[in-house]
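When a ligand or atom number is given, it counts from 1 through the structure's own listing order. Along the sequence shown, the residues carry numbers beginning at 1.
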Amino acid sequence: MLTGLQPSGPLMIGNYIGALKDWVGLQATHESLLMIADLHALTVPQNPEVLRRRSFEFVALFAACGIDIEKSAVFMQSHVSAHTQLLWVLNCMTPMGDLQRMTQFKDKAGRRAMDAQVGLFDYPVLMAADILLYGADLVPVGDDQRQHMEFTRRMARKFNSTYGQVFKIPATCTPRTGSRLMGLQDPATKMSKSDPNPDNYVALLDPPEVIRRKIRTAVTDSGSEVRSGASKPGISNLLALYAAVSGERTESIEARYAGKRYAEFKNHLAERVIDFLGPIQKRYRSIAGDRVLLGEILRHGADLARERSETTLARVYEAIGLVTGRQDDRR
Ligand code: TRP
């Protein structure tokens, strides 16, 4: 399996519940390549210092969350040049209209598509390159990436039918174990690490007092019952968070808080989240200071990723008629 996460904000609890937790489980059955998509993160402005610090933080947090660095390859997208090389080849066969129809591009570029950066426009093609280089069977992604996955499959078929069978057609796999968490301040939008308002999420490294404040100030709904339902998006989301960190079923949580106030429920929820993140933060602190170890993880990951991706890239170059660099090539 191959997947990626952009270092475009601090890893937060929604990333754990919706992605990392699944990846940890998939390690048992699949060879895993976990990519930190730093080149994708450049499609929106990044502070250089923050980007670098966060990239290391991701590596340490992956390990702290249970990614086994012996089994899984963790690598930086920018360390493996085949990604941008295949990007170019795919660019040369991608109609602009396909990219113009991408809902994520339309959302991010807004009305002024002509002022948007070319990188943002090209984002799905880089993602297709990421995936097709490894012949991944399984690509775990969030719901918002379904259209990009469709595009990836379309490009693979198009390439294969034009130049011969080179790419495997990848399957999308959306989160199985976790629910989708929504913003704490705005339960109508997904909880996101790149949200400009950090009060919308609980970061994996938030200290207890910050967690308490964020949950205490999370929006709730009219009424007073701690109950899940369409008319109660705020409380439903907090219940989903409670269920995820405690492993309990929503119904039993609702039963326990029947007749209780929102405030009491929120106080308990904050303590559950703190207890849940405590061991992760402890492991993080024992790994994060070890720059040598983090560097080694990335070097090991990049070595493996390069080996795999370069084999595919060579087949692509050959298929499209580029002269190979091999000495014995007389064609
Ligand atoms: N676009 C993905 C996201 O924002 C991140 C990503 C980049 C990715 N390349 C990928 C995910 C390749 C899976 C496979 O979630």
Using a 4.0 Å heavy-atom threshold (strictly under), name the region of [X] that reaches ligand 1: side chain, backbone, both or neither.
| X | result |
| --- | --- |
| Q6 | side chain |
| I131 | side chain |
| V139 | side chain |

**OP:** Report the residues that fulfil ring-ring contact (aromatic ring centres under 6.0 Å, His included) with Y201, sequence neighbours left out, ordered by chain and then residue number.
**Re:**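 With neighbours one apart ignored, the set is empty.
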**OP:** Check each of T152, V125, V316 against L90 using the side chain to side chain contact (heavy atoms under 4.5 Å, CB included) test, and report the only one that passes.
**Re:**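 Exactly one option meets the side chain to side chain contact (heavy atoms under 4.5 Å, CB included) with L90, and it is V125.
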Original post:
Among L238, T217, V219, which residue meets the side chain to side chain contact (heavy atoms under 4.5 Å, CB included) test with L184?
Top reply: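 When side chain to side chain contact (heavy atoms under 4.5 Å, CB included) is applied between L184 and each of L238, T217, V219, only L238 qualifies.
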Original post:
Short N/O distance, under 3.5 Å, between D130 and ligand 1?
Top reply: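 Min N/O separation from ligand 1 is below 3.5 Å for D130.
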Original post:
Does an N or O anywhere in Q77 fall below 3.5 Å from an N or O of ligand 1?
Top reply: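 By distance alone, the answer is no.
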Which ligand 1 atoms does [X] reach within 4.0 Å, using its non-hydrogen atoms?
| X | value |
| --- | --- |
| V141 | 11 (C), 13 (C) |
| Y123 | 1 (N), 2 (C), 3 (C), 4 (O) |
| H40 | 7 (C), 9 (N) |
| M35 | 9 (N), 10 (C) |

Original post:
Which residue owns the protein heavy atom closest to atom 5 (C) of ligand 1, what's the atom, and how far is it?
Top reply: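 Result for atom 5 (C) of ligand 1: G4 O, 3.6 Å.
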Original post:
Near E225 CD, under 6.0 Å, is it more than 12 heavy atoms from other residues, nucleotides or ligands?
Top reply: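 Result for CD/E225: open.
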Original post:
Near R213 CZ, under 6.0 Å, is it more than 12 heavy atoms from other residues, nucleotides or ligands?
Top reply: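 Correct, the count exceeds 12.
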Original post:
Quick one: do E248 and R272 make a salt bridge, cutoff under 4.0 Å?
Top reply: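 A salt bridge is present here (some side-chain N lies under 4.0 Å from a carboxylate O).
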**OP:** Can you run down the side-chain hydrogen bond (donor to acceptor under 3.5 Å, both in side chains) pairs that involve residues 109-130, sequence neighbours left out, and say none if there aren't any?
**Re:**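 Every pair satisfying side-chain hydrogen bond (donor to acceptor under 3.5 Å, both in side chains) with a residue in residues 109-130: Q6-Y123, Q77-D130, H83-D130, N91-D122, R112-D115.
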**OP:** Give the ring-plane orientation class for F265 versus Y257, where under 30° counts as parallel, over 60° as perpendicular and anything between as tilted.
**Re:**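 The rings of F265 and Y257 stand perpendicular, inter-plane angle above 60°.
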Original post:
Would you say H148 contacts ligand 1, with heavy atoms under 4.0 Å as the rule?
Top reply: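 No.
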